[in-house]
Structures are given as C-alpha cells and as structure tokens.
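Keep in mind that what you see is a predicted model, and the values were worked out from it rather than measured.
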Number of protein chains: 2
Amino acid sequence: MPVLSDKVIHRLTLYHCILKYTLINQDRVSSFEIANLLGLDNSQVRKDIALCGVLGHKKQGYNSTELKLAIEQKLGFKETKEVFIIGAGHLGTALANYTDFKDYGIDILCLLDNNPNKIGKEINGKKVLPLEDLQSLISRVNTKNIILAVPAKQAQAVTDYAVQCGAQFIWNFTPTVLKIPKNVMVYYENIISSFMQMYKEPINHKHTIFSRLKIMKGHK
Amino acid sequence: MPVLSDKVIHRLTLYHCILKYTLINQDRVSSFEIANLLGLDNSQVRKDIALCGVLGHKKQGYNSTELKLAIEQKLGFKETKEVFIIGAGHLGTALANYTDFKDYGIDILCLLDNNPNKIGKEINGKKVLPLEDLQSLISRVNTKNIILAVPAKQAQAVTDYAVQCGAQFIWNFTPTVLKIPKNVMVYYENIISSFMQMYKEPINHKHTIFSRLKIMKGHK
DNA sequence: TGTGTTTTGTGATTTTTTTCACATTATCAC
DNA sequence: GTGATAATGTGAAAAAAATCACAAAACACA
C-alpha cells in the first residue's frame, strides 16, 4: 500500500470537512460537487477517493457516510495521538482550547512552561506544568510528541532541552527552522509561509493586498 | 516574471526563517547549509534562490543580508497588508497577539465578534467591535480582507454575512470548506490537514503516534 | 604560479502530479 | 421497456517539480 502524498492528504482532509460541515444533510455526494467547492478537477477528486478504497455509484455519486468513514480510517482520525504542548502563551492556550483536535484523535496531555505565573493554572482542563517536568513526563507517559508554541527567540533553546529529555517529534508552530539531531523529526507549521503562499507577489497599494492572489481553492 | 509556486514560496519563507533565527550570526550561507537544515536537495535551494535574483559567490555561498532582503522583497514582507479578524475567541485572540505578523507586514486592524461580553475589550491594543460594524468598517477603511476564526459550526453563516458586507478575501482558520461566490477568495489554513500530512498512516499503538511519519523537513 | 577543493548555476533527466478524454453503467423520465 | 443522461473509473497525455550531473569559477595553500 503506497503512502499517500501530502497533497492527497490535504485534499482528503478537505473532502472530510465538506462531508462534516458543508454538505452535512446530503447522503450522497458527487465528485463534481466536491471539485466545485474546492476549485479542483473532478477526476482528481475521484482518483483521491479511489485511494481510500471507496466505490461510487454511477449517476449517483458516493455515499457520504461511507466516504466520510473511509477517509477517517485512511487518515487515522480515530486513533489517539497524545501530545505535550510546550508554551502556555497565547498560541499554546489557543491550541489547548482547540476543541476540534479531539475529533481527529489529537489528545493534549498537558502544557509546559517556565513562567512561574502560568505554572499550576489549568487551560481547558489541562494542567500547566513546569518545563523541568518534561523528562519525567516523557518517560512516565511514554509520549514523545511535542507541540512547540514558544516565542521564536526561545524556540531553539527549548527544542534543545526537549530533545535532551527524549522528545522525538516536534510540531513546530514558531516561525523558525530548528537544528535537531537526525533521529528527531520536525514538522513546520508556518503560518507566515501559508500567508505568503496566498499573497504571492509584491504589490503597492496597502488596501489591495490580496489582489494578486493565487486562487488556491475555491474558484477558477 | 512568472508567479512563484506555492512550494517555492513555502521554501523561501523557511530560508528566510533560517537567516533570521537559525544562522543569525553568519554573514554568508551556502545552499548546502540550507538544504541540510531542511532536508532538501541543494540544487533545489540554489534554483529557488535564483528566482529571487540573487547571485552567489563560488566557493563562498550567498551573502546572508542580501539574500534575506531579496526574499523579503520577492515575497512582499515589507508591504502593509491590513486585515480584520472575525472571532475574538481563543484562536482570534492568539492571532491578534501574534507578534510575528508585523514583521511580515500583516496589520490587524481590529477584531469583530457577536458576543456582548467580548465587545468593547481590547486585545493587544486592538478593539473588539460588534460584527454588525463590519459593513461600515469595510467601506470606511477599504480593506476587504478577513481572517475567519470562529467556531466551525458558525463558519458558513459568518462567511455569508462577511461576503454580504463586501469581504473579498477570507483566510479561513476554521476546519471547514466554505461556499462562496466566484468573486470571493478563500484560503484554507487547515491545521488538521497539516497534522494529517505528518501523521501519514493509521497505526495502532497510541504512544507511537508519530512513528510512521513522513520526514517532511529536517532530516533524511 | 599551480593544484585541489568548494560551491555556484544550470541544462538534462526522472519522477510526480494534474488534466484530459472517454468507455461504461445505473438511474430516471416517459 | 427504451433512450437520454449523469456520474464513475481509469488509461494516456501534459505539466510541474525534483533530482542528477557537471562545467565553471573562486579561493586556499603550497
């Protein structure tokens, strides 16, 4: 079974969102509907769906429930994925409060911070613990997954510490590139980069900011 | 001048982050260093850089300052881009507090919400105004760019209202796909999709969550 | 001055992704 | 029933992206 490419995963997740929210009261959905909502080619939608092993019905499209479940299965939404958040600032707090995570199996165990004013607090039922506890937490709970949500300037130092404590995987929400040993993995969640992808080309007038956008999804 | 592809923009933004934080005290940088930090092919780095019009020096690499400025220029970091945030919940608050935005020219004018408890407050010096003010704000300030940071269930209704008020561009932070008229553009900032891109394949043990990861960036 | 090494810049090739095109078939209208 | 239609599924073609490979230049150092 070939591993799905990033692009396919991104699109499948969006198809799932469509089934979950946009076309919630339809029990059938066609590749044309999905393609139109996202500005894609309809045959591409069909090929993506075929990768999930779902068969459609001629003249009727796909069964929404079946497709939704198949995507969840294929992408592993129902499997629990435990994570620590490092950084209990605005971003860490927002992530700890992000209720949608649990629909996708992402389980935030607790937050860690080195600010004494924050330690001991609870955010959405999750404790804020001192960063020094990381090592014992990692060994006790056996979860080596970190969401990094600290200020950019501290990102490298905190990463060095987390790696030393045994962190194996870092989902980096800071706009930095980290130096890490080969056995550790980083995934860059770079909001700025996303923004720039839509902004595309330097333009002059401050009010027409988005005027030279790439039409990523939505409309041709 | 061809428009840069998303992938190139994403990589250039990461190169910029490297110059800004990771290799801050080096005044020269080679394509090999950048490629190693990000797990890329070094010739790809050189081709990306060539798109910014920067010439390197044989045996020495690129001038860091020159490269950094060229990326900023090419991607338009220094141009002001004004935006309204709709939704003053945890996510909207985090975005309003995201100090890095201003380094990239993103200027948040104010937040809008329909919760009376939130209206009138200030978040990082930005006022929270009633959602009903959107129409007059858009026409007064002539900025038609919206960051959508409301709960998923309200995303479509709020979008419909924003579009009616004249919104032209929506940076959608909710995990939903929106129905919008052809003249409006949406860019999906789907955190879940990013997560799933790194998570790749369904696996069984909850603690080994990230074990089948795609090594997106960082290491080969 | 000459030799070896490092690093750029870029054509050529390969791989991946997207788009096109169309045969096939289930359903609906009549 | 029968014919028209709307959808799927999928090979083939085209486009885009990544990788390879190497000439050329600049520097280090003898």
Side-chain angles (χ1 to χ4, degrees), chain A residues 1-15 18 23 26-64 66-67 70-71 193 197 200 214-220, chain B residues 1-15 18 23 26-64 66-67 70-71 193 197 200 214-220:
Chain A
M1 178 63 77
V3 172
L4 303 179
S5 78
D6 278 359
K7 298 204 160 190
V8 172
I9 291 169
H10 179 66
R11 289 194 301 263
L12 285 174
T13 308
L14 292 175
Y15 304 168
I18 289 175
L23 304 180
Q26 281 186 218
D27 49 272
R28 291 185 172 279
V29 64
S30 76
S31 59
F32 289 78
E33 285 176 290
I34 294 175
N36 284 339
L37 279 166
L38 294 170
L40 302 173
D41 183 274
N42 59 69
S43 72
Q44 183 165 60
V45 173
R46 291 195 294 280
K47 283 186 175 172
D48 291 340
I49 289 173
L51 294 171
C52 297
V54 171
L55 283 178
H57 304 277
K58 298 257 158 68
K59 188 110 194 250
Q60 295 194 116
Y62 300 89
N63 177 300
S64 301
E66 184 192 352
L67 178 56
I71 294 173
S193 140
Q197 281 170 40
K200 288 285 175 188
K214 172 212 149 199
I215 302 164
M216 188 201 175
K217 277 163 227 103
H219 339 284
K220 295 213 180 175
Chain B
M1 178 64 79
V3 172
L4 304 179
S5 78
D6 278 0
K7 299 207 160 189
V8 171
I9 291 169
H10 179 67
R11 289 193 301 264
L12 285 175
T13 308
L14 292 174
Y15 305 166
I18 289 174
L23 304 180
Q26 279 184 220
D27 49 272
R28 291 187 172 279
V29 63
S30 77
S31 59
F32 290 78
E33 285 176 289
I34 294 175
N36 285 338
L37 279 166
L38 294 171
L40 302 173
D41 183 274
N42 60 67
S43 72
Q44 184 166 61
V45 173
R46 290 195 294 281
K47 283 187 174 171
D48 291 340
I49 289 172
L51 293 171
C52 297
V54 172
L55 284 177
H57 305 276
K58 299 256 161 71
K59 189 113 192 249
Q60 297 194 114
Y62 301 89
N63 177 300
S64 301
E66 185 190 352
L67 179 54
I71 294 172
S193 143
Q197 281 170 41
K200 287 287 177 189
K214 173 210 151 200
I215 303 163
M216 187 196 175
K217 275 161 229 103
H219 342 283
K220 294 212 181 178

From B:K7 atom NZ to A:D6 atom CG, the distance as rounded to the nearest 0.5 Å: 7.0 Å
- request: Kindly state which residues belonging to residues 53-61 of chain B come within less than 4.0 angstrom of DNA chain D, counting heavy atoms of the residue only, listed by number.
  value: B:K58, B:K59, B:Q60
- prompt: Which angle, to the nearest 10 degrees, lies between the helix axes at the two ends of the helix from C:dT1-D:dA30 to C:dC30-D:dG1, each defined by five pairs?
  reply: 20°
query: Between atom CG in A:L51 and atom C1' in D:dT8, what is the gap in whole Å?
result: 15 Å
task: Indicate the atoms forming the closest heavy-atom contact of B:L67 with B:I34, along with that distance.
output: CD2-CD1, 4.4 Å
task: Kindly compute the distance separating CG (B:L38) from CG (B:L14), expressed to the nearest 0.5 Å.
output: 5.5 Å
field: Euclidean distance, atom CZ of residue B:R46 to atom P of D:dA18 [Å, nearest integer]
entry: 15 Å
query: How would you list, by chain and number, every residue that makes a side chain to side chain donor-acceptor pair (under 3.5 Å) with A:E33, sequence neighbours excluded?
result: A:Q26
query: Expressed in angstrom and rounded to an integer, what is the separation of A:N42 atom CG from C:dC22 atom P?
result: 15 Å
message: When you measure from the side-chain N and O atoms of A:S31 to the phosphate of D:dT8, is any distance below 4.0 Å, counting only OP1 and OP2?
response: yes
- request: Mind calculating the distance between CD1 (B:I34) and C1' (C:dG9) to the nearest angstrom?
  value: 15 Å
Spacing between A:F32 atom CZ and D:dG9 atom P, to the nearest angstrom: 12 Å
message: So which atom in A:E66 and which in A:V54 form the shortest heavy-atom distance, rounded to 0.1 Å?
response: OE2-CG1, 4.0 Å
- request: Quick one: closest heavy-atom pair of B:I9 and B:T13, and the distance?
  value: O-OG1, 2.7 Å
- prompt: With sequence neighbours excluded, what pairs up with A:S64 under the side-chain contact (heavy atoms from CB on, under 4.5 Å) test?
  reply: A:L19, A:V29
query: A:L40 CG to C:dT19 P: how many Å, rounded?
result: 8 Å
- prompt: For A:H57 and A:L55, which heavy atoms make the closest approach, and how far apart are they?
  reply: NE2-O, 4.1 Å
All N/O donor-acceptor pairs, side-chain side in residues 45-52 of chain B, below 3.5 Å, sequence neighbours left out:
unit_1 : atom_1 : unit_2 : atom_2 : d
B:R46  : NH1    : B:S31  : OG     : 3.0
B:R46  : NH1    : B:N42  : OD1    : 2.8
B:R46  : NH2    : B:N42  : OD1    : 3.3
B:D48  : OD1    : B:R11  : NH2    : 3.0
B:D48  : OD2    : B:R11  : NE     : 2.7
B:D48  : OD2    : B:R11  : NH2    : 3.4
B:D48  : OD2    : B:Y15  : OH     : 2.5

message: Taking any heavy-atom pair under 4.0 Å as a contact, classify B:Y62: base, sugar-phosphate, or nothing.
response: sugar-phosphate
task: First locate atom CG of B:D41, then atom CZ of B:F32, and finally report the distance between them rounded to the nearest 0.5 Å.
output: 9.0 Å
Write down the protein N/O and nucleotide N/O pairs, taken from nucleotides 12-18 of chain C, whose separation is under 3.5 Å; answer none if there are no such pairs.
unit_1 : atom_1 : unit_2 : atom_2 : d
C:dA12 : N6     : B:K47  : NZ     : 3.2
C:dT18 : OP1    : A:R11  : NH1    : 3.2
C:dT18 : OP2    : A:R11  : NH1    : 2.9
C:dT18 : OP2    : A:R11  : NH2    : 3.1
C:dT18 : OP2    : A:Q44  : NE2    : 2.8
C:dT18 : O5'    : A:Q44  : NE2    : 3.1

message: Under 4.0 Å, heavy atoms only, any strand: does A:S43 hit a base, just the sugar-phosphate, or nothing?
response: base
